[in-house]
2 protein chains.
Amino acid sequence: MANTPQPGTRERIVRAASLLMQRQGYEGTGIKQVAQEARATLGSVYHFFPGGKQAVGVAAVRHADHEFAELLSASLSEEADPAKAVAVCARTLAHHLRDSGWVDGCPISATALETTGRVPAIEHAVAQAFQHWRDLVADRLREAGFPEGDADDLATTVISTLEGAELTAQVLKSETPLTVAGEHLARLIDSYKR
Amino acid sequence: MANTPQPGTRERIVRAASLLMQRQGYEGTGIKQVAQEARATLGSVYHFFPGGKQAVGVAAVRHADHEFAELLSASLSEEADPAKAVAVCARTLAHHLRDSGWVDGCPISATALETTGRVPAIEHAVAQAFQHWRDLVADRLREAGFPEGDADDLATTVISTLEGAELTAQVLKSETPLTVAGEHLARLIDSYKR
DNA sequence: TACTGGATAAAACGTTCGTTCTAGCTTGTG
DNA sequence: CACAAGCTAGAACGAACGTTTTATCCAGTA
């Protein structure tokens, strides 16, 4: 959506890094592999990212943050009922995951787990993404009339559960964990209504 | 529990690998680092694991599988009400995570995400672990009188949510995601009663 | 036309990776 | 005491890692 027809070199590097890190994690992705996949040279990578691999990693995480935020916002605004919207979102994730051959799960969780407590810059970008997504859900719930406390707690669990269900679905190569998680989340949200 | 007072070399290697892979993932953990941490030599590692790094990885995942299964079984049998048991389990995980300085999350999720679709042997061990844990919860729910279909679905979501909440808690360095997820899961399970 | 700065290209750095190999050590049985 | 088998020790392999360096290209401006 709204992609520049010919993304510049910097943009190609970030996208390639984001995709590779989604599938192989941060440690499993090499700078040279990123350059090759982005059809850029090593010189270009270090030109745009003097901070080296860590800087590329941070940019890739931020890119993934924005991408998933768009998908989330779209899902949340499609349905009038936020409970239904969450279920729809879970199904959408399940289809994307299946269509990719079970390789495209959450774009940052692999990176998150590998770098937590060891690479502060990436750790921080990951935390920002999680909070960002959480806030999107919380805002939608407040907007639908849920009290502040309930909305915050529910939003936290929605993100956690979607995250975990995507991991489980990927590992088991099955859409079921995501679809049932979506329905359970809808049921949970409904139980807070009124 | 029931640790041999002086674990043998093989056991030390598996434990060290499991711990390091929990914190740094599969790609981020080197064979030499495993050997050093286990107070073993490279020769010993390749003596016990002729399959190399992959074989060590599989053994480490299986070790983590059994360890977490024990924690899960203990939590589930401590409380008469399985809904309460799940909430207690979430709190236990939160405390362990906090006490470790936010580094000891789920022992296999980092490895799972890095290797899925790329290292079949490890992929398989990870899937077995998830199913194993899921079955423990499902059995407990059936035992408590939940119908088969409900028990299976709930067990899937319990594992998914615990997994995701642990990831979120680790990333945000907060116990909250795990504790509220535990309470939400208890509420969800209760909503299926009768 | 000459110059300048951003961007690209490619070779090479030292280090670490997973793995292999050949000794040497221990231990228990004949 | 001898001898195999199980285990440990440590050096060495080629390949890949992240990074640095030097040179070249190519806009846009004066």
Inset, instruction - Round to the nearest Å and state the distance from A:R39 atom CZ to C:dA9 atom P. - result: 11 Å
Legend entry - Protein-nucleotide distance (B:H47, atom NE2; C:dT20, atom C1'), rounded to Å: 16 Å
Legend entry - Nearest-Å distance for atom pair NZ/P, residues B:K53 and C:dC17: 9 Å
Legend entry - Ionic contact status for B:E183 with B:R187, cut-off 4.0 Å: no
Inset, instruction - Determine yes or no for a side-chain-to-main-chain donor-acceptor pair under 3.5 angstrom, with B:R12 supplying the side chain and B:A38 the backbone. - result: yes
Inset, instruction - Identify whether any heavy atom of A:F48 sits under 4.0 Å from a base atom; if not, whether one sits that close to sugar-phosphate; answer base, sugar-phosphate or nothing. - result: sugar-phosphate
Legend entry - A:L76 versus A:L136, closest heavy-atom pair with distance: CD1-O, 3.8 Å
Legend entry - Residue closer to the 5' end of DNA chain D, B:R10 versus B:L42 (nearest nucleotide): B:R10
Legend entry - Separation of atom CD1 in B:I13 from atom P in D:dT8, rounded to whole Å: 7 Å
Inset, instruction - Write down the atom of B:W133, the atom of B:A69, and the distance for their closest heavy-atom approach. - result: NE1-N, 3.8 Å
Inset, instruction - Take atom CD of B:E27 and atom C1' of C:dG18, then tell me their distance rounded to the nearest Å. - result: 12 Å
Inset, instruction - Tell me what B:G43 touches on the nucleic acid: a base, only sugar-phosphate, or nothing, going by heavy atoms under 4.0 Å. - result: base
Inset, instruction - Give a yes/no on whether any side-chain N or O of A:S44 is located under 4.0 angstrom from OP1 or OP2 of C:dA7. - result: no
Inset, instruction - Would you mind reading off the distance between B:Q36 atom CD and C:dC17 atom P, rounded to a whole angstrom? - result: 10 Å
Inset, instruction - In whole angstrom, give the distance that lies between atom CZ of A:R12 and atom C1' of C:dT8. - result: 11 Å
Inset, instruction - Tell me whether the OP1 or OP2 atom of D:dT8 has a side-chain N or O from B:T41 closer than 4.0 Å. - result: no
Legend entry - Backbone N/O of B:V88 and side chain of B:T92: donor-acceptor pair under 3.5 Å: yes
Inset, instruction - Provide, to the nearest angstrom, the distance between the CD1 atom belonging to A:I122 and the C1' atom belonging to D:dG18. - result: 14 Å
Inset, instruction - Check whether any side-chain nitrogen or oxygen of B:T9 sits under 4.0 Å from OP1 or OP2 of D:dC7, and answer yes or no. - result: no
